[in-house]
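This is a predicted model, so every value here is computed, not measured. Every number for a ligand or one of its atoms is a count from 1 in the order of the listing.
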Amino acid sequence: MTADYRVVIGDSRRMRELADNSVHLVVTSPPYPMVSIWDNFFRDESAQSYDQMHDCLNNTWKEVKRVLVPGGIACVNIGDATRTKDGVFHLYPNHSRVIESFEQLGLVTLPYVLWKKPTTKPRYKGKGAFLGSGFLPPNAYVTLDMEFILIFRKGNLRSFEPKDPKRYGSKFTKKERDEWFSQVWTVTGARQTQGGLERRVAAFPEEIPRRLIRMFSIESDLVLDPFLGSGTSLKAAMNLNRRFVGYEKLEDFSRIIRERMGQESERILFQKQSVVEQISSELIA
Ligand SMILES: C[S@@+](CC[C@H](N)C(=O)[O-])C[C@H]1O[C@@H](n2cnc3c(N)ncnc32)[C@H](O)[C@@H]1O
């Protein structure tokens, strides 16, 4: 079965619907280990420690490697976390753990983007805003107000025919290049218009996948988001004339994505994950 836009309700640790070497670009934001809004989620997967949470994500990263075409790119948006355990303060550098995981899988790590979120307020001792003794040295902490957009490539550079018309048609401007290929991006956080579930999923603003899709894919490429949430990357891909497949474990998101996409949702195939291995002709290639 082929469709230009697909949402698979299922687990991206096994993306049976996708053939090896079939995806040109991955743009995603997983649940962040040791960030409290995701604790229950990881607990449901029997992952309680930092290591177990990353082991859980690693299964998806292995699949990402399998499905990417040679030269395909994976962009992973993740933030670090802090937590006090047994009275001891810890920094959990999620971004470096994900880099290690991709390196171990044999992908090439490219320079990453630091996404500065202008809305975050400085915090004191990892809790509220600076108050009273928060202005006195030396006991305040630096605020975690950056997220990382890690960028990996599977193998060598992707190859194209000389003057490939789709590649040339997907060109960016000098202004776009200067802004997008610099290391710090200041992009305002997503507006939470859908209430409860969308807020809880910590959606990224559409500008993030929009830039990444323009930077690292060409028209009609296949883009994958293995942690789809409310469908931000799907919306960006549709607007940019790329094909798309997303995986989301929670069925409730089908409704949110449909509402968000309005009439455009008629172009999206929603399907439940197959329980048996597909025959290869049914795989997206
Ligand atoms: C940080 S949210 C993604 C937010 C998304 N970028 C957006 O803009 O809405 C991560 C999502 O991944 C989903 N998820 C977590 N593990 C998954 C898995 N193994 N397979 C598929 N989806 C998963 C969660 O239910 C959650 O909706």
Enquirer: Do the two ring centres, one from Phe204 and one from Trp185, sit under 6.0 Å apart?
Expert: no
Enquirer: Please could you name the atoms of ligand 1 that Leu250 approaches to less than 4.0 Å, counting only its heavy atoms?
Expert: 25 (O)
Enquirer: Does Trp61 have its ring centroid less than 6.0 Å away from the ring centroid of Phe102?
Expert: yes
Enquirer: Kindly identify the option in Gln273, Glu248, Glu251, Glu45 whose heavy atom sits closest to atom 25 (O) of ligand 1.
Expert: Glu248
Enquirer: Would Asn77 count as a contact residue for ligand 1, given that I'm defining contact as a non-hydrogen atom of the residue lying under 4.0 Å from a ligand atom?
Expert: no
Enquirer: Do the numbers put Arg6 on top of the ring of Phe244, so that NZ or CZ is under 6.0 Å from the six-membered ring centre and no more than 45° off the axis?
Expert: no
Enquirer: Examine Arg214 relative to Trp180 and say whether NZ or CZ is less than 6.0 Å from the centre of the six-membered ring and inside a 45° cone about the ring axis.
Expert: no
Enquirer: Looking only at N/O atoms, are Thr60 and ligand 1 under 3.5 Å apart anywhere?
Expert: no
Enquirer: Using the side-chain contact (heavy atoms from CB on, under 4.5 Å) rule, take Tyr247 and Asp225 through it: C-alpha gap first, then chi angles, then the decisive distance, then the call.
Expert: CA-CA 6 Å; Tyr247 280 75; Asp225 186 344; over 6 Å; no
Enquirer: Which atoms of ligand 1 have any heavy atom of Leu228 under 4.0 Å away?
Expert: 5 (C), 7 (C), 9 (O)
Enquirer: For Phe89, is the NZ or CZ atom of Arg83 found under 6.0 angstrom from the centre of its six-membered ring and inside 45 degrees of the ring axis?
Expert: no
Enquirer: Taking non-hydrogen atoms only, is Pro30 closer than 4.0 angstrom to ligand 1 via side chain, backbone, both or neither?
Expert: backbone
Enquirer: Judging by distance only, is a nitrogen or oxygen of Asp11 under 3.5 angstrom from one on ligand 1?
Expert: yes
Enquirer: Is the closest side-chain heavy-atom distance between Met261 and Glu266 below 4.5 Å?
Expert: no
Enquirer: Parallel, tilted or perpendicular for Phe216 and Phe181, by the 30°/60° rule?
Expert: perpendicular
Enquirer: Within the structure, is a non-hydrogen atom of Gly10 found at a distance of less than 4.0 Å from ligand 1?
Expert: yes
Enquirer: I want to know if ligand 1 touches Ser12 in the polar sense, i.e. an N/O pair below 3.5 angstrom.
Expert: yes
Enquirer: Evaluating non-hydrogen atoms only, which member of Phe41, Phe204, Tyr247, Phe42 is closest to atom 6 (N) of ligand 1?
Expert: Phe204
Enquirer: Going by the atom numbers of ligand 1, which of them fall below 4.0 Å from some non-hydrogen atom of Pro226?
Expert: 20 (N), 21 (C), 22 (N)
Enquirer: List ligand 1 atoms under 4.0 Å from Ser230, heavy atoms only on the residue side.
Expert: 7 (C), 8 (O), 9 (O)
Enquirer: Salt-bridge test for Arg158 and Asp221: reply yes if a basic N is under 4.0 Å from a carboxylate O, no otherwise.
Expert: yes
Enquirer: Could you check if a side-chain atom of Ile257 sits within less than 4.5 angstrom of a side-chain atom of Phe270, using non-hydrogen atoms only?
Expert: yes
Enquirer: Heavy atom to atom 2 (S) of ligand 1, shortest distance: which of Ile208, Asn59, Val201 holds it?
Expert: Val201
Enquirer: Could you tell me if any non-hydrogen atom of Pro209 lies under 4.0 Å from any atom of ligand 1?
Expert: no
Enquirer: Which of the numbered atoms in ligand 1 are under 4.0 angstrom from any heavy atom belonging to Thr232?
Expert: 7 (C), 8 (O), 9 (O)
Enquirer: Go through ligand 1 atom by atom and flag the ones less than 4.0 Å from a non-hydrogen atom of Gly229.
Expert: 9 (O), 27 (O)
Enquirer: Give the cluster check for Ile9 versus Met15: same hydrophobic cluster or not, with ILVMFWY residues linked at side-chain heavy-atom distances below 4.5 Å.
Expert: yes
Enquirer: Could you list which atoms of ligand 1 come closer than 4.0 Å to a heavy atom of Ala203?
Expert: 7 (C), 8 (O), 9 (O)
Enquirer: Can Phe253 be said to touch ligand 1, with heavy atoms closer than 4.0 Å?
Expert: yes
